[in-house]
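Just below is one structure, and these are the notes that go with it.
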There are 2 protein chains.
Amino acid sequence: MTAARIKEVALKHFAKNGYEGASLADIAAEVGIKKQSIYTHFKGKDELFLDLLDDVFTKELQFSVDYLDRYKELSLDQLLYGFLTQYQVCYEKDDNAKLFLRVSFFPPSHLYDVIVKEGYRYWDTLEKMLIPVFDQAIAAGDISSDISSNTATIAFLAVLDGMFVELLFGGTERSLKRIEASWFVYWRGIKK
Amino acid sequence: MTAARIKEVALKHFAKNGYEGASLADIAAEVGIKKQSIYTHFKGKDELFLDLLDDVFTKELQFSVDYLDRYKELSLDQLLYGFLTQYQVCYEKDDNAKLFLRVSFFPPSHLYDVIVKEGYRYWDTLEKMLIPVFDQAIAAGDISSDISSNTATIAFLAVLDGMFVELLFGGTERSLKRIEASWFVYWRGIKK
DNA sequence: ATCATCCTTCCGAACGTTCGTCAGGATGAT
DNA sequence: ATCATCCTGACGAACGTTCGGAAGGATGAT
């Protein structure tokens, strides 16, 4: 299917150069067709981009849902630390995550509303999934009574973002150091 | 001075739309001149952009240097927490910080090398300034012996990045909540 | 088996617009 | 007279987009 191939290449280009920086001609060239042929499969640049974006957000959310579901019987520290490292391994230099972040932070102006809405959906879902995890840990007496599930969740998402940033900016080795340090301090900060 | 006015407007446009998304015509229009007149003051788009970028990085670094110097006699927790909140207040919706982050994470391809080098300069300087602060606190017995100054610094910069991200993405009220939660956990994580 | 028909896919050519850029001239202050 | 500044005008290149048609496969009737 050519449409799938176009999206595959477009993901790469949008991730690397952003919406404005990516050109249909370049994308088509890498696919091996002319740019006009893209219009056989998509109404235009916007539709290609938004279609792609839907996949990106879905995949990104699916990763978290799957992980938290698969390892829900682990202890809290193993679950959370594993979450960080899994994300780091999976999305190292991954175009999906790169476009996800790029678009979340710096959406193209004329698509701002659509994108921000999808972004909030992602973070809110993630937050709603994490809070019960912490509630359970609090009930089990694993984390300090000074810490609410809300505080623990928000701070954890901040750790996650910090990892993302270093993953994008500094690369693998720097982000590994950051995960190590952040997690060490974070866990020491919430544990009993 | 028109050159200054051009840079002022250009900062806004580059921050909002990125390098590729910002057009000289739009910038000139807002300044109140024709786009060709920009060439009286700058050799081209790249020179304007890089000239601007130098200011941005310098200003960004200067803020940190100034703050840490001015409040160096504060206790560690007051110093660090103040650093976070000061940054948040100063750079809320600030185009300087927005462009700083945008360009650091997603530099235009053809200027990648120049920008990444400046980025590392910033983070390394900040790191080098923070480590002695933590060393001093360790010597004074303010933070746990389980925590090295290196770990504390890296984790703190992660907290800072997490704040940046939420500031850009979620706005003021969300970033305030995040600062509160992150700081609470962070400080509990490193203190004696 | 042949033929007409339809649909999908792709491309050549061109559209109008915007991009960054360059040359040359008008204006006004020093 | 010189200089800086901003202008008009125009440039080639790239952008996203549209249209008409060529190729090929599948379908169904004859």
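Note on naming: letters A, B, ... go to the chains in the order of the sequence lines (proteins, then strands), and numbering restarts at 1 for each one. Just the heavy atoms: all of them, side chains too, but no hydrogens, waters or symmetry mates, feed the values below.
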- Message: Lys72(B): which residues meet the salt bridge (charged side-chain N to carboxylate O under 4.0 Å, His left out) condition with it, sequence neighbours left out?
- Response: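 Lys72(B) satisfies salt bridge (charged side-chain N to carboxylate O under 4.0 Å, His left out) with Asp69(B) only.
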- Message: Holding to salt bridge (charged side-chain N to carboxylate O under 4.0 Å, His left out), I want the full list of residues that pass it with Glu180(A), two or more places apart in sequence or in another chain.
- Response: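 With sequence neighbours excluded, Glu180(A) shows a salt bridge (charged side-chain N to carboxylate O under 4.0 Å, His left out) to no residue whatsoever.
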Taking only N and O in the side chain of [X], is any of them less than 4.0 Å away from OP1 or OP2 of [N]?
{"X": "His41(B)", "N": "dC6(D)", "answer": "yes"}
{"X": "Thr2(B)", "N": "dT5(D)", "answer": "no"}
{"X": "Ser37(A)", "N": "dC11(C)", "answer": "yes"}

- Are the side chain of Thr58(A) and the backbone of Asp54(A) linked by a donor-acceptor contact shorter than 3.5 Å?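 At least one qualifying donor-acceptor pair exists.
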Nearest-angstrom distance from the residue atom [atom1] of [X] to [atom2] of [N]:
{"X": "Lys34(B)", "N": "dC6(D)", "atom1": "NZ", "atom2": "C1'", "result": "11 Å"}
{"X": "Ile33(B)", "N": "dT8(D)", "atom1": "CD1", "atom2": "P", "result": "12 Å"}
{"X": "Met1(B)", "N": "dA29(C)", "atom1": "CE", "atom2": "C1'", "result": "14 Å"}

- Item | Side chain to side chain, Val9(B) and His13(B), heavy atoms closer than 4.5 Å |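 Val9(B) vs His13(B): side chains touch.
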- Item | Validation row, ring centre Phe42(B) to ring centre Phe49(B) under 6.0 Å |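 Not close enough - the centres of the two rings lie 6.0 Å or further apart.
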- Not counting sequence neighbours, which residues clear ring-ring contact (aromatic ring centres under 6.0 Å, His included) with Phe63(B)? List them please.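 With sequence neighbours excluded, Phe63(B) shows a ring-ring contact (aromatic ring centres under 6.0 Å, His included) to Tyr87(B), Tyr91(B), given in chain and number order.
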- Message: What does the 5'-to-3' dot-bracket notation of DNA chain C look like when only Watson-Crick and G-U wobble pairs under 3.5 Å count, and pairs to other strands show as |?
- Response: |||||||||||||||||||.||||||||||
- Query: In B/S/- notation, 5' to 3', how is nucleotides 15-28 of chain C contacted by protein heavy atoms closer than 4.0 Å?
  - Reply: ----BBBB------
- Task: Quick one: which residue pairs count as a side-chain hydrogen bond (donor to acceptor under 3.5 Å, both in side chains) with a foot in residues 127-142 of chain A, not counting sequence neighbours?
- Result: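 For residues 127-142 of chain A: Asp135(A)-Ser149(A).
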- Can you say whether the rings of Tyr19(A) and Phe14(A) are parallel (under 30°), tilted (30 to 60°) or perpendicular (over 60°)?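 Judged by the thresholds at 30° and 60°, the geometry between Tyr19(A) and Phe14(A) is parallel.
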